[in-house]
Amino acid sequence: MTSGPPQTRSSRPPGLLRGLLPDTTPWRASREFRLLWASGCVSSLGSFLTYVAVPLQVKELTGSSFAVGLVGAFELVPLIVFGLWGGALADALDRRRLVLFSEGALGLLTGLLLINALLPHPVLWPVYAVAALVAAVDGLQRPALDSLTPRIVPHEQLTAAFALNSLYRNVGSVAGPALAGVIVALAGVQTAYALDVVSFAASLLLLARIRAVPPPTGAERPSVRAIATGLRYAWSRKDLLGTYAIDVCAMLFAFPVAVFPFLAADLHAGWALGLLYGAPAAGALLVSATGGWTSRIHRHGRMLVAAALGWGAAVTVAGLVGDIWLVLACLAAAGAADQISGTARATLWNQSIPDELRGRLAGVELLSYSVGPQLGQVRAGGTAALIGVRGSVWAGGAACVLGVAALAVALPALLAYDARTDPHTAAVREAAERAARLRAADGAGQPATA
């Protein structure tokens with residue numbers, strides 16, 4: 001791990017490209033971050049295969065948009081319960097070990113989907129059951145995974161680290177759905193599941209090489225009381241509440257992924273299903289590949305609100321136009337806005353939440369960016385059954401714009417956030433610098449001054 005700001009140098013090239021290309025300093029400086037990043041690359045690509053295969057398999061088994069939307073309903077409760085508990089575990093246990101064990105469990109669950117798909121007559125209920133179990137395990141893993149980065153990357157490099165993580169996720173989001181569309185068309189969903197199992201095995205080998213990341217000194221034992229402590233902290237900070245509320249609003253109303261198979265059919269473009277899944281990620285990839293400018297933003301609340309409004313507006317237009325290429329362009333624009341929004345949220349979270357609460361708050365964050373999409377799938381499928389597929393898309397986008405605007409007015413602390421002057425951010429920065437000095441002194445065998 002790196003020891004702090006004085007020992008690191010920016011690896012961005014000089015000149016005009018410096019303002020656009022991602023800052024690779026975290027990747028170059030931290031062995032642990034490189035391993036975590038590589039594991040995420042492999043796992044992300046495989047997981048997107050299953051992400052596309054599951055709704056397509058449910059569509060083939062039922063022919064119902066509502067049945068596809070129900071996948072999100074089955075995932076919702078486990079995600080809420082285990083997301084909060086996973087946050088408490090992340091603050092009390094070795095975060096690396098928790099990520100490792102849960103990654104293995106996710107691989108086994110994907111294996112169950114493969115077994116069901118290989119049956120002569122696959123059954124619907126195991127797909128729903130495995131979706132619920134995956135949500136539970138993901139709820140245990142994500143807080144530990146999200147709270148690992150602030151422990152292995154210096155404070156001032158967190159925005160760059162998020163951009164690098166977003167880069168592989170967005171590459172996977174583009175390549176995964178496109179590859180899945182080809183694979184399921186030529187070889188069936190069972191092949192997509194099998195490749196995902198292989199990706200989990202490779203990811204486990206990389207995660208096993210990461211050094212232990214023990215909990216902070218004096219960490220609170222996982223309990224309902226510990227979870228309540230994290231929730232009280234989140235409630236006390238209205239800027240954090242604003243990030244959660246806007247993310248839930250945007251995903252609840254303007255996340256039409258569940259109806260993509262039906263949207264492709266409505267536009268007479270069944271060949272474009274993989275492109276519909278990949279278009280938002282293509283837009284996000286463009287931003288993450290040219291997002292060096294995000295490290296110079298300090299008003300992350302305003303950045304978040306503007307991006308969320310852009311997301312809703314782009315989805316609205318996607319539902320109104322009738323040409324598949326215009327729809328894909330709108331979805332790409334939505335993905336670009338979502339990437340900017342995600343950068344703002346992650347930077348605000350990682351820079352201003354103390355390490356001893358980081359796991360529990362990561363659990364709350366998991367609910368904000370995961371519960372919204374799950375409910376959004378149910379909303380999109382249910383609304384499509386009432387007013388049609390395209391009506392479901394544009395109405396949801398319009399509701400997102402109105403909801404985000406109302407939340408921005410109701411929570412002025414979010415718009416006022418400035419990383420240069422925020423007292424919470426200053427306290428976390430000082431704690432990170434103090435910990436870096438202690439690690440450096442410990443490595444040199446010398447006493448450190450606090």
Side-chain angles (χ1 to χ4, degrees), residues 80 83-84 87 91 143 146-147 149-150 155-156 158-159 161-163 226-254 291 293-313 337-373 375 399-432:
I80 293 173
L84 291 173
D91 282 337
D146 291 345
S147 59
T149 301
H155 186 270
E156 75 282 356
L158 289 173
T159 301
F162 178 80
I227 294 173
T229 299
L231 293 175
R232 283 195 299 270
Y233 178 83
W235 181 259
S236 71
R237 289 190 50 190
K238 304 310 178 187
D239 51 349
L240 291 182
L241 286 182
T243 66
Y244 306 147
I246 285 179
D247 196 27
V248 170
C249 176
M251 295 297 103
L252 170 62
F253 292 117
W293 56 273
T294 60
S295 295
R296 300 191 296 274
I297 300 296
H298 304 289
R299 306 298 293 267
H300 299 107
R302 295 184 180 185
M303 179 181 175
L304 168 61
V305 171
L309 290 172
W311 160 270
D338 188 49
Q339 174 62 32
I340 296 172
S341 169
T343 300
R345 292 194 312 270
T347 302
L348 193 155
W349 293 341
N350 287 327
Q351 287 187 345
S352 68
I353 297 173
D355 186 59
E356 64 270 17
L357 290 169
R358 191 68 195 88
R360 277 164 284 180
L361 271 294
V364 178
E365 293 151 18
L366 171 66
L367 300 187
S368 76
Y369 64 69
S370 296
V371 170
L375 290 175
C400 167
V401 171
L402 294 175
V404 169
L407 287 169
V409 172
L411 295 168
L414 177 62
L415 294 176
Y417 177 86
D418 189 326
R420 295 166 295 186
T421 58
D422 180 70
H424 304 286
T425 301
V428 172
R429 184 186 301 114
E430 291 171 4

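Every heavy atom of this structure was used, including side-chain atoms; hydrogens, water molecules and symmetry mates were not. Note that the structure is predicted; figures quoted are calculated from it, not measured.
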A.B. asks: Can you name the nearest heavy-atom pair linking Asp239 to Asp422, along with the distance?
C.D. replies: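 Taking every non-hydrogen atom into account, OD2-OD1, 4.3 Å.
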A.B. asks: Please test Leu240 against His424 for side chain to side chain contact (heavy atoms under 4.5 Å, CB included), starting from the C-alpha separation and ending with a verdict.
C.D. replies: CA-CA 11 Å; Leu240 291 182; His424 304 286; over 6 Å; no
A.B. asks: Looking at every heavy atom in both Val404 and Val305, which two are closest together, and how far apart are they?
C.D. replies: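 So the two residues come closest at CG1-O, 4.1 Å.
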A.B. asks: For the residue pair Arg237 and Ile353, establish whether any side-chain heavy-atom pair is separated by less than 4.5 Å.
C.D. replies: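 Contact flag for Arg237/Ile353 side chains = yes.
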A.B. asks: Yes or no on side chain to side chain contact (heavy atoms under 4.5 Å, CB included) for Leu84 and Leu231, after CA distance, side-chain angles and deciding distance?
C.D. replies: CA-CA 9 Å; Leu84 291 173; Leu231 293 175; 4.2 Å; yes
A.B. asks: Evaluate the criterion side chain to side chain contact (heavy atoms under 4.5 Å, CB included) for residue pair Thr347 and Ile297; output intermediate values, then yes/no.
C.D. replies: CA-CA 10 Å; Thr347 302; Ile297 300 296; over 6 Å; no
A.B. asks: Could you pull out the closest heavy-atom pair between Arg429 and Ala419, with the gap in Å?
C.D. replies: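 Smallest heavy-atom distance, with atoms named: NH2-O, 3.5 Å.
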A.B. asks: CG of Leu407 to CG of Leu402: how many Å apart, nearest 0.5 Å?
C.D. replies: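 Between Leu407 CG and Leu402 CG, I get 11.0 Å after rounding to 0.5 Å.
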A.B. asks: Check the pair Leu348 / Thr243 against side chain to side chain contact (heavy atoms under 4.5 Å, CB included), numbers first and verdict last.
C.D. replies: CA-CA 9 Å; Leu348 193 155; Thr243 66; 4.2 Å; yes
A.B. asks: Can you give me the closest heavy-atom contact between Asn350 and Arg358, atom names plus distance?
C.D. replies: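 Shortest heavy-atom contact: OD1-NH2, 2.6 Å.
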A.B. asks: Of all heavy-atom pairs between Leu414 and Leu304, which one has the smallest distance, and what is that distance?
C.D. replies: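 Heavy atoms only, the tightest pair is CD2-CD2, 4.1 Å.
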A.B. asks: Which pair of non-hydrogen atoms, one from Gly312 and one from Cys400, has the smallest distance, and what is that distance?
C.D. replies: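 Residues Gly312 and Cys400, closest heavy atoms: CA-SG, 3.6 Å.
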A.B. asks: To the closest 0.5 Å, what do you measure between CD (Glu365) and CG (Asp146)?
C.D. replies: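 Result: 7.0 Å between the selected atoms.
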A.B. asks: Residues two or more places apart in sequence or in another chain: which of them pass ring-ring contact (aromatic ring centres under 6.0 Å, His included) with Tyr233?
C.D. replies: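 Partners of Tyr233 under the ring-ring contact (aromatic ring centres under 6.0 Å, His included) test: none.
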A.B. asks: Among residues two or more places apart or on two chains, list those pairs meeting side chain to side chain donor-acceptor pair (under 3.5 Å) that have a residue in residues 299-310.
C.D. replies: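 Applying side chain to side chain donor-acceptor pair (under 3.5 Å) to every pair that reaches into residues 299-310, excluding sequence neighbours, yields nothing.
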A.B. asks: How would you list all residue pairs meeting side chain to side chain donor-acceptor pair (under 3.5 Å) that involve residues 410-419, not counting sequence neighbours?
C.D. replies: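 Non-adjacent pairs meeting side chain to side chain donor-acceptor pair (under 3.5 Å): Tyr417-Thr425, Asp418-Arg420.
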